[in-house]
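Fair warning: this is a prediction, and the values are worked out from it, not measured in the lab. In this chain, numbering begins with 1 at the start of the sequence shown.
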Amino acid sequence: MGFLNASHLHFLFDGLLWTVGLSLLAFAGGGLLGFAVALGSSYGPRWSRVAVSLYIKLIQGTPLLVLLPLAYFGLPSLGFNVAPLTAAALALSIYVSAYLGEIWRGCIESVPRTQAEAAECLALRWHQRVWHVILPQAVKIATPPTVGFMVQIVKNTSLASAIGFVELARAGQIINNSTFEPFVIFVIVAALYFALCYPLSVLSRRLERSFHVAHR
């Protein structure tokens with residue numbers, strides 16, 4: 001039985017950094033794909049809307065713990081050798097894209113139709129109406145729920161330990177296997193997750209309040 005020491009704490013903070021890095025990769029990849037999902041669902045042809053709807057239902061109905069092994073073990077069977085970080089980032093990006101795409105679709109469609117009609121009266125083309133009139137307003141509406149969803153992204157990175165990626169939760173498990181001090185270790189792990197997630201939750205609530213005040 002060992003004791004918690006400075007090297008263990010250093011290992012935990014390394015795991016924390018990997019958690020932050022994986023969260024950023026998942027948000028960036030999921031955001032790009034989710035933006036395409038939102039546009040395809042809102043402005044695409046009928047076949048595109050049907051395809052996007054099926055994609056969203058499929059991904060949201062599939063546990064992340066299934067997507068992670070699919071990426072890590074499935075891609076090598078197709079001839080692609082992937083590291084745990086790559087597989088985790090890919091699986092999380094796909095998972096995040098379905099949720100962000102649906103959030104952003106709702107925000108785009110919540111912009112009053114009169115805004116698009118007014119832009120059309122100004123002889124703006126379709127892409128000009130979307131990029132210069134609809135999306136700027138949708139971004140303001142989407143910011144609070146997007147920031148709030150980032151909390152879910154951070155917490156879901158803990159599932160990447162299922163494919164051997166050492167992030168914060170996995171680092172805590174490894175240290176516990178050598179020290180057998182689960183209470184102390186996982187209290188520290190919980191505190192570090194709290195330090196990451198609580199500021200995002202507070203920011204999301206403040207943005208939501210400011211948005212409602214601005215539209216009174």
For residues Leu196 and Val202: do they belong to one hydrophobic cluster (side chain heavy atoms under 4.5 Å, members Ile, Leu, Val, Met, Phe, Trp, Tyr)?
no
Stepwise side chain to side chain contact (heavy atoms under 4.5 Å, CB included) check, Thr179 with His8:
CA-CA 9 Å; Thr179 63; His8 293 142; 3.3 Å; yes
Do the side chains of Ser161 and Val166 get nearer than 4.5 Å, heavy atoms only?
no
Does Ser204 use its side chain to pair, donor to acceptor, with the backbone of Pro144 at less than 3.5 Å?
yes
Qualifying residue for side chain to side chain contact (heavy atoms under 4.5 Å, CB included) with Val52, from Ile56, Leu54, Val50:
Ile56
Please report the C-alpha distance between Leu90 and Tyr72 in whole Å, then the side-chain angles of each, then the deciding distance to 0.1 Å, and finally whether the side chain to side chain contact (heavy atoms under 4.5 Å, CB included) criterion is met.
CA-CA 9 Å; Leu90 177 60; Tyr72 187 60; over 6 Å; no
Rounding to 0.5 Å, atoms NZ (Lys155) and OG (Ser23) come to a distance of 12.0 Å
Are any side-chain N or O atoms of Ser77 and backbone N or O atoms of Gly74, one a donor and one an acceptor, separated by less than 3.5 Å?
yes
Where Thr19 and Glu167 come nearest, the two heavy atoms and their spacing
OG1-CB, 3.3 Å
Minimum heavy-atom separation for Val147 and Leu200, please, with both atom names.
CG1-O, 3.6 Å
Reported CG-to-CG distance for the pair Leu68 and Leu92, which is rounded to 0.5 angstrom
6.0 Å
Pairwise distance NZ(Lys140) to SG(Cys107) - rounded to 0.5 angstrom
13.5 Å
Separation of Leu203 CG from Met150 CE (nearest 0.5 Å)
9.0 Å
Quick one: are Val96 and Asn156 in side-chain contact, heavy atoms under 4.5 Å?
no
Given the rule that I, L, V, M, F, W and Y join up when any side-chain heavy atoms are under 4.5 Å apart, are Leu12 and Leu17 in one cluster?
no
In the single-linkage hydrophobic clustering (I, L, V, M, F, W, Y; side-chain heavy atoms under 4.5 Å), do Leu22 and Phe13 co-cluster?
yes
Nearest heavy-atom pair of Gly172 and Val189: which atoms, and what distance?
CA-CG2, 4.1 Å
For the residue pair Ala171 and Gly15, what are the closest heavy atoms and their distance?
CB-CA, 4.4 Å
Cluster overlap Trp18 with Leu9, hydrophobic side-chain contacts below 4.5 Å
yes
Ile134 vs Tyr43, test: side chain to side chain contact (heavy atoms under 4.5 Å, CB included). Steps then yes/no.
CA-CA 12 Å; Ile134 304 300; Tyr43 297 109; 3.2 Å; yes
Is there a side-chain contact between Tyr99 and Gln152, using heavy atoms and a 4.5 Å cut-off?
no
Distance only, no hydrogens: is a donor on one side chain within 3.5 Å (strictly under) of an acceptor on the other, for Tyr55 and Ser97?
yes
Under 3.5 Å, is there a donor-acceptor pair between the side chain of Gln137 and the main chain of Val133?
yes
How about Trp104 and Thr146: does a side-chain donor come under 3.5 Å of a side-chain acceptor?
yes
Cluster check Leu85, Leu24: I/L/V/M/F/W/Y, side chain < 4.5 angstrom
yes
Would you check if the side chain of Thr86 reaches a backbone N or O of Val82 as a donor-acceptor pair within less than 3.5 Å?
no
Residues Arg125 and Gln128: side-chain donor-acceptor under 3.5 angstrom:
no
Just by modelled atom types, is the Gly44 backbone N or O under 3.5 Å from a matching donor or acceptor in the Arg49 side chain?
yes
Within the 4.5 Å heavy-atom criterion, are Tyr193 and Val154 side-chain neighbours or not?
yes
Going through the checks in order, is the side chain to side chain contact (heavy atoms under 4.5 Å, CB included) test met by Glu102 and Gln60?
CA-CA 10 Å; Glu102 188 70 0; Gln60 290 187 352; 4.1 Å; yes
Return the minimal non-hydrogen interatomic distance between Gly40 and Ser48, and the atom names on each side.
O-OG, 3.4 Å
Rounded to the nearest 0.5 angstrom, the OG1-CG distance for Thr143 and Leu207 is 6.5 Å
Between Ser41 (side chain only) and Val37 (backbone N and O only), is there a donor and an acceptor less than 3.5 Å apart?
no
Nearest-0.5 Å distance that lies between atom OH in Tyr95 and atom CG in Leu64:
6.0 Å
With side chains defined as the heavy atoms from C-beta onward, is the minimum distance between Phe35 and Leu135 less than 4.5 Å?
yes
Greater than 12 external heavy atoms within 6.0 Å of Arg206's CZ:
no
Where is the tightest heavy-atom contact between Ser110 and Ile141, given as atom of each residue plus distance?
OG-CD1, 3.4 Å
Residues Glu208, Arg205: salt bridge by 4.0 Å N-O rule
no
